[in-house]
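The structure presented is a predicted model; accordingly, all values stated were derived computationally and were not measured. In the text below, chain A, chain B and the rest are named by the order of the sequence lines, each starting its count at 1.
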Amino acid sequence: MSEDIFQGYKGAALEILKKYNVRVWGQTIIDTTRGIFTGTVLPRAENDDDLHIVLKIETGYNIGIDVATITSMKETGYQKANYKIPEKEFPYSDDKPTVKLFGTGGTIASRLDYRTGAVIPAFSPGELYGAVPELADVCNIDTEKLFAVFSENMGPKQYITLAKAIGHEIENGIDGIMIGHGTDTLHHTAAALSFMVQDSPVPIILVGSQRSSDRPSSDAALNLIHASYAAAHGDIAETLVCMFGPTSDEYGFLHRGTRVRKMHSSYRSTFRSIGDTPVATVTKNGIIHIKKEYNHRRKDKNVKIFPYFSEKVTMIYYYPNMKPEIIDSLVDLGYKGIIIIGTGLGHVNKELYPALQRATDKGVQLFMTLQTIWGYVHMFVYETGRDMIALGVTPLANMLPEVAWVKLGWAMGQTDDPEEIKRIMLTPVNSEITEREPYNGYLVYQGGVPEIEGFVRKFHK
Amino acid sequence: MNKIEAKKNYSVTMKSIGYVDIKKATSDDYKRIGFKSGLEVHQQLKTKGKLFCRCPAGIYHDHDDYNAEVIRHMRPTLSELGEYDGTALMEFKTKKEIVYRINNENACTYEVDDTPPFPIDKEALGIALEISLLSKLNIVGEVHITRKQYLDGSIPTGFQRTAILGVEGEIELKNKKVRLIQLSIEEDSCREISDIGHTRVFKTDRLGMPLIETVTYPDMETPWELAEAAEYIRFLNRSTGKVRTGIGAGREDVNVSCEGGSRVEIKGVAHNSWIPKLSHNEAFRQYALLKIRTILKERLKNGSRWKSKTREITFTDIPLLFKPVKESLDNGYKVIAMNLPLLNGIMSHFTQPGHLFADELTNRLKVIACIEKPNMTHSEELDPSLSAKEWNMIAELFTASVNDAQMILWGPADDIPTAIETIEERIIMAFAGVPPETRKSFEDGTTIFERVLPGSDRMYPDTDSLPIPLDNKYINKLGENLPVLISARFAQLKKWGIPGDSFKYLLSKNMIPLIEELSAKNRFDLKFIGTFLAQTFKNIEGKKKAHKDFSYNIIRKLFTYIREEDLDPNIAGPMIKILYEHPKMRYESILTTLNFKRKSMDDLLAPLDFLYKKFLDIKLSNGKDVEVNWLMGQVRRQAIGNVDLALLSKQIEQKIITKK
């Protein structure tokens with residue numbers, strides 16, 4: 001128990017707490033060479049130094065005391081704060097559709113414990129209702145916490161668990177699925193579910209937030225409201241990502257799970273459909289369709305689940321003068337499939353060719369995607385491209401690199417047959433390859449141009 | 001009640017609480033009501049950049065000069081203890097759409113919360129620590145950035161990043177020491193452009209600029225002490241020469257209560273001269289509210305059981321279509337008549353000069369229910385909109401008792417439930433006394449409701465920032481070059497013999513170091529330089545517009561010239577008058593403009609015999625002073641810059657004596 005008393009403290013700071021018999025959560029008077037300080041000793045974050053003690057003073061602020069300045073300390077009381085999310089009973093109503101919300105961790109379904117940095121999920125229907133009462137106006141919500149991991153720790157194992165759980169819910173007649181997810185790898189999971197869950201009769205909506213829900217201006221609540229609307233009432237029975245359209249609190253986008261990408265480290269409007277438009281926009285009042293063609297909601301409970309994934313696939317981001325040993329080492333490590341993210345129309349330097357040949361000879365599947373993110377791989381335009389096709393590199397048209405990696409893992413989880421793998425990769429499940437790129441699929445405008453500035457001033461970004 | 005009775009009631013209740021005008025108030029009045037007050041003094045720091053991003057500070061733009069707008073809604077989040085803050089809930093009830101106007105020159109994605117904070121501006125931290133040391137605060141060992149929740153939209157994140165630098169300090173006023181609770185460094189908020197209905201518009205130019213907040217204990221027991229403390233802190237901040245001046249660069253929040261009242265915070269007082277009257281009126285407002293509580297308690301013991309009656313008025317209520325009712329209905333508003341049991345004589349009860357208890361209601365309707373004023377009328381208006389007969393018809397709708405008051409409120413249908421709730425809430429609060437609030441100040445010394453006072457549960461550690469250690473070496477180095485304490489400055493000025501009415505100007509402009517410098521460098525009298533700056537120069541400043549190139553350096557150079565040319569320093573006055581508008585003009589040209597010619601004392605005294613005769617010819621009255629003054633007048637202009645005038649006057653006096 002002694003560790004519990006000095007939560008997070010180590011080294012010199014721990015020594016001084018022990019010396020004066022002061023605990024974390026102890027109300028304390030500290031005499032220092034800089035004067036007297038009074039407050040409650042707080043836990044210290046693990047990565048912070050061992051030279052300071054954190055104190056919450058009466059006005060609610062936190063300060064740090066340099067242990068080298070401390071001449072004496074005295075604990076005068078003890079009051080441990082108990083962080084608890086209040087629950088309110090979610091008001092279920094029979095006339096509203098029911099949506100299942102799966103929790104995976106991440107900011108949408110969690111709140112931070114400020115003192116320890118630990119994540120405490122705010123997740124039960126009651127907690128959700130307590131935080132976002134408007135949800136009850138949209139639908140009934142059931143929740144299930146599948147895992148509590150940060151976005152970056154989501155992987156094939158979790159994709160499979162999720163796919164199976166979704167299948168189970170659909171067979172039980174749920175009206176829609178929502179998945180709360182951290183945003184960093186939200187689009188990887190979206191792609192994985194697009195392949196693993198096919199012909200769903202109901203919408204499957206992935207949702208996250210760029211600002212944690214403990215902030216008043218968080219996008220979490222509005223994203224949740226939008227996502228629950230799309231899941232409960234939407235007609236688009238596909239795997240979709242629902243996140244902010246503009247950075248303003250105005251509307252959300254429904255992005256196809258295979259065409260969406262996180263494009264900014266911190267903007268709320270970070271998710272964009274690449275090489276295509278979003279499927280629809282969504283507000284709390286309804287959905288406005290952008291794409292005419294999509295899979296419509298059905299009344300049946302039939303769904304196909306393909307819960308496969310091979311971890312022997314990888315992807316490499318090509319850079320000038322990349323050495324063949326990079327490819328060689330991956331092959332030697334036993335990787336069976338490599339997504340290459342090439343330059344321009346899909347190129348790597350000539351120096352790599354022998355290594356690519358060696359990989360093909362050893363039965364490794366090679367595919368080409370693009371660093372440009374937008375556009376198609378065109379390996380016939382230049383000779384180098386044609387050479388690479390001859391070496392066994394298959395161009396993946398306008399499939400996004402991350403999507404290609406997910407799909408290759410999924411394909412190789414099902415078969416070892418090179419031709420079958422190629423066939424699966426080149427046969428779109430849901431728009432991961434599109435036959436045409438509409439003109440408005442690439443709209444990255446540059447600031448500074450008068451008409452663009454005029455547009456930005458008039459419409460909320 | 002009819003018209004006359006409401007007016008009468010207002011003055012009777014004003015007398016009953018013993019309200020006195022501040023001009024007639026004595027410290028006994030404040031002792032009687034238990035006046036208690038503290039300050040939160042905000043001061044912008046003069047840095048190149050903002051506090052948590054690399055945008056320039058102090059670049060402002062007009063309301064319409066923006067590149068983009070962003071919309072946000074603020075949502076209450078739970079406190080660390082799992083509670084919602086009172087203000088948070090109120091702000092959520094108001095359902096405001098907040099629009100931020102962004103100009104690329106002075107705001108980036110950090111301001112609109114689309115980029116996490118960058119490390120704190122070191123220049124700002126250094127200045128703030130210097131002021132903390134001057135304020136005799138205990139400096140923390142490590143700075144922890146904290147989030148302080150604000151849901152009014154004034155900060156797009158919904159919280160202000162702020163950090164404590166020191167605790168438990170003191171300042172020394174004339175007659176007492178005032179204790180300081182703490183000093184924090186924080187980012188400044190947005191500037192409001194408009195707040196109409198459910199839309200509030202802000203601009204983000206000021207947002208994120210470094211600001212410090214000095215918080216005192218509620219040690220001030222009269223409005224004058226309060227003003228003195230505010231001035232002292234302002235002078236202290238300015239003595240570093242590293243803070244911003246001008247409109248909005250320094251702002252005060254004034255916390256006031258009376259005995260048995262509550263802490264009420266008067267927000268953003270821009271002028272220290274407003275402080276006495278605002279605090280005076282607030283303390284008496286609280287005293288009045290306590291009186292109202294006593295009256296109400298006599299009528300109903302348990303205030304929480306108080307309930308109003310309401311009835312919608314529509315176009316079908318033809319006899320009730322009084323002017324304001326008809327107008328509101330025509331505007332498409334919903335109109336509600338309310339019976340307020342037991343509130344007879346309360347609605348028109350005095351609260352502040354020109355304000356009734358009913359004003360507490362109308363202002364809450366505006367802020368909480370977002371209904372623009374006028375949003376109600378009531379049966380005890382000083383300037384009634386309905387006749388007594390008409391109010392009787394309203395009263396009859398409810399079969400009201402004589403102890404009741406009636407009101408009519410109107411607004412958009414969606415806002416009406418909140419409006420009714422708001423009225424009831426405020427009246428129930430009247431049974432408890434003084435609601436803790438923040439209030440907006442007006443030049444006439446009155447205040448109106450701004451929002452519910454936030455609780456202490458709105459602080460959260462900022463998980464985006466690392467703690468900043470402050471080692472002894474750094475703090476000691478900052479301590480080496482601190483300016484002289486303000487209390488010591490007061491003593492200095494007295495010692496130098498500078499008139500007391502000049503202190504304020506010299507301290508607020510941080511001119512004392514300049515006096516010391518000019519005096520030491522040029523061996524001119526401290527009193528002379530001080531008086532020159534505080535009177536001659538101040539006078540010019542007040543009358544003329546300075547050239548853009550004018551700075552205190554011009555004054556420095558002028559005095560150097562005067563010393564080097566061995567001129568009498570009194571020439572500085574006429575010369576600075578010209579330099580203020582023409583800082584690049586050559587000194588010789590200025591002297592020519594002034595008709596200055598080099599003359600010795602003997603030169604000046606030479607025509608004295610002739611002049612004395614002339615005086616005897618035209619003299620109107622007798623007396624030595626008259627003679628000397630007249631003669632001085634004749635030679636004064638030529639003397640300025642050549643000789644000391646006092647010396648000249650003495651010489652003239654002696655010459656006359658020898659003549660007689």
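To the nearest 0.5 Å, atom OG1 of residue A/Thr59 and atom CD of residue B/Gln182 are 3.5 Å apart. For the atom pair CD1 (B/Ile139) and CG (A/Asp66), the distance works out to 13.0 Å, reported to the nearest 0.5 Å.
For a residue to count as touching a neighbouring chain, one of its non-hydrogen atoms must lie under 4.5 Å from one of that chain's; by this rule B/Thr157 touches chain A with backbone and side chain alike. Neither the backbone nor the side chain of B/Ile155 comes within less than 4.5 Å of any heavy atom in chain A. With a 4.5 angstrom heavy-atom cutoff, B/Pro469 touches chain A via backbone and side-chain atoms both. Residue A/Asn62 touches chain B through both its backbone and its side chain, counting heavy-atom pairs closer than 4.5 Å. The parts of A/Thr247 that come within reach of chain B are both its backbone and its side chain, each placing non-hydrogen atoms under 4.5 angstrom from that chain. In this structure, chain B has a heavy atom under 4.5 Å from the side chain of A/Asp49, while its backbone stays farther away. Only the side chain of A/Ile57 comes within contact range of chain B, with heavy atoms under 4.5 Å apart.
In terms of heavy-atom proximity, B/Arg75 sits nearest to A/Ala221 at NE-CB, 3.1 Å. B/Asn67 approaches A/Glu453 most closely through the heavy-atom pair ND2-OE1, 4.1 Å. Nearest heavy-atom pair across B/Leu470 and A/Arg34 is O-NH2, 2.7 Å. Listed here is the closest heavy atom pair of A/Arg268 and B/Val112: NH1-O, 3.8 Å. Considering all non-hydrogen atoms of both residues, A/Gly60 and B/Met459 come closest at O-CB, 3.3 Å. Across every non-hydrogen atom of B/Ile71 and A/Ser248, the tightest pair is N-OG, 2.6 Å.
Of all the listed residues (A/Leu51, A/Thr33, A/Val54), the one sharing the greatest number of non-hydrogen pairs under 4.5 Å with chain B is A/Val54. Contact tally against chain B (heavy-atom pairs below 4.5 Å) for A/Phe459, A/Tyr267, A/Phe455: the top residue is A/Tyr267.
Side-chain atoms of A/Ser266 and B/Asp114 form no donor-acceptor pair, as typed in the model, at a separation below 3.5 Å.
In terms of modelled atom types and a separation under 3.5 Å, the side chain of A/Arg211 and the main chain of B/Asp113 share a donor-acceptor contact. With hydrogens and angles disregarded, no donor-acceptor distance shorter than 3.5 Å links the side chain of B/Thr146 to the backbone of A/Tyr61.
Salt bridge present: A/Arg215 and B/Asp464 bring a charged side-chain N and a carboxylate O closer than 4.0 Å.
For the pair A/Arg457 and B/Tyr66, the cation-pi criterion (under 6.0 Å, within 45° of the ring axis) is fulfilled.
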For this session: Begin with the C-alpha distance, continue with both residues' side-chain angles, and end with the deciding distance and a verdict on salt bridge (charged side-chain N to carboxylate O under 4.0 Å, His left out) for A/Glu250 and B/Arg72.
Result: CA-CA 8 Å; A/Glu250 287 192 319; B/Arg72 300 254 192 272; over 6 Å; no
